[in-house]
Q: 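One structure is given below, represented as structure tokens, and several questions about it will come after.
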Amino acid sequence: MAVQQAPNHFGRLVCLVAFFLFFHSGYSTFEHLSYLKAIDGHESGLPLDITIELLASVALFGLGIVLVADDFKEILMETEMAKQSIESLDARPSFYSFNHRGRAVSKNVILKDEM
């Protein structure tokens with residue numbers, strides 16, 4: 001079994017700061033577009049400070065997620081197979097059939113033997 005690590009509070013704080021930066025950049029974009037609409041200005045793209053704030057929030061999100069994420073788990077089949085017993089591997093309930101031709105065949109065999 002893998003040893004569980006303590007939650008990384010610094011990584012969660014970084015994600016929270018990134019969320020607020022992302023939210024603020026969206027709000028700033030809305031305000032900028034509202035201002036352009038009010039003065040009948042044309043859209044020439046977002047100001048540089050909003051773009052930098054957005055890129056910084058995305059980079060901080062990435063850093064925060066990397067800090068919070070646990071270690072990778074192995075995907076080898078041997079490790080997964082070692083956890084299961086042969087009974088659980090062989091059990092396939094979808095292949096169980098209780099209404100089959102065995103009863104009819106056994107009736108025919110018994111009747112032929114009696115004759």
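All of these numbers come straight from a predicted model, not from anything done at the bench.
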Q: Would you say CZ of Phe22 has more than 12 non-hydrogen atoms from neighbouring residues, nucleotides or ligands within 6.0 angstrom?
A: no
Q: Could you measure the distance from the OG atom of Ser34 to the CD1 atom of Ile39? Nearest 0.5 Å is fine.
A: 11.5 Å
Q: Can you tell me how far CG of Leu16 sits from CG of Leu21, rounded to the nearest 0.5 angstrom?
A: 10.0 Å
Q: How many angstroms lie between CG in Leu46 and CD in Glu53, if you round to the nearest 0.5 Å?
A: 11.0 Å
Q: Return the orientation label for the Phe30 and Tyr27 ring planes: parallel under 30°, perpendicular over 60°, tilted otherwise.
A: tilted
Q: At what distance, to the nearest 0.5 angstrom, does CG of Leu60 lie from CG of Leu13?
A: 10.0 Å
Q: Grouping I, L, V, M, F, W and Y whenever their side-chain heavy atoms are under 4.5 Å apart, do Val68 and Phe61 come out in a common cluster?
A: no
Q: Is it possible for you to say whether Phe19 and Leu54 belong to one hydrophobic cluster, with membership spreading through side-chain heavy-atom contacts below 4.5 Å?
A: yes
Q: For the atom pair CD (Glu31) and CG (Leu36), what is the distance rounded to the nearest 0.5 Å?
A: 11.5 Å
Q: Do Leu67 and Leu63 come close enough that some side-chain heavy atom pair is under 4.5 Å?
A: yes
Q: What distance separates Ser25 OG from Phe20 CZ, expressed to the nearest 0.5 Å?
A: 13.0 Å
